[in-house]
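Working notes, structure below.
Position 1 is the first residue of the sequence, and the numbers go up from there.
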Amino acid sequence: MSKLLSGVFVGYISRNKRRVRLVETKCKDFGLSPVLKTLHVGMLYPDEIRQLEAKLRKILTGAHDRLYTMKICTECAKPWLARQNNTPYELIQFK
């Protein structure tokens with residue numbers, strides 16, 4: 001089992017605004033920051049990723065709800081994480 005930090009993207013779709021607010025809160029609790037309205041990015045350990053996915057799956061139980069997680073290496077996550085402190089929903093441009 002790997003104990004290394006890795007970057008993670010969490011995206012979700014829900015028609016229920018209450019569920020969206022709950023998911024946003026859980027993502028913030030785990031230290032993820034919003035990139036887009038329903039896309040969050042951050043650095044987590046593998047155990048934390050599994051815990052977050054389990055909690056979000058309990059929230060997103062509707063027929064039209066979807067949860068997407070993507071684990072990436074730390075080098076690939078650095079450009080995203082460097083922009084974390086800026087205003088969310090801002091378009092990120094790479095050089």
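- Annotation: ring-ring contact (aromatic ring centres under 6.0 Å, His included) contacts involving residues 23-43, sequence neighbours excluded, comprise Tyr12-His40.
- Separation of atoms CZ (Arg19) and CG (Leu22) is listed at 9.5 Å; rounding is to 0.5 Å.
- Judged as a side-chain contact (heavy atoms from CB on, under 4.5 Å), and not counting sequence neighbours, the contacts of Ile72 are Phe9, Met70, Cys76, Ala77.
- Classification of Asp65 and Arg15 as a salt-bridged pair fails, no side-chain N sitting under 4.0 Å from a carboxylate O.
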Considering only distance and modelled atom types, tabulate donor-acceptor pairs under 3.5 Å from the side chains of residues 51-64, sequence neighbours left out.
unit_1 : atom_1 : unit_2 : atom_2 : d
Glu53  : OE2    : Thr69  : OG1    : 2.4

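- When all heavy atoms of Ile49 and Ser6 are compared, the pair lying nearest together is CD1-OG, 3.8 Å.
- No continuous path of ILVMFWY side-chain contacts below 4.5 Å connects Ile13 to Leu36, so the two sit in separate hydrophobic clusters.
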- Verdict with supporting geometry, Val8 and Leu32, side-chain contact (heavy atoms from CB on, under 4.5 Å): CA-CA 9 Å; Val8 63; Leu32 303 181; 3.9 Å; yes

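- Interatomic distance, Asp47 CG to Lys3 NZ, rounded to the nearest 0.5 Å: 4.5 Å.
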- Query: Could you walk me through whether Val20 and Asn16 pass the side-chain contact (heavy atoms from CB on, under 4.5 Å) check?
  - Reply: CA-CA 6 Å; Val20 170; Asn16 188 315; over 6 Å; no

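- Separation of atoms CE (Met43) and OG (Ser33) is listed at 11.5 Å; rounding is to 0.5 Å.
- The two residues Val10 and Cys27 make their nearest non-hydrogen contact at CG1-SG, 4.2 Å.
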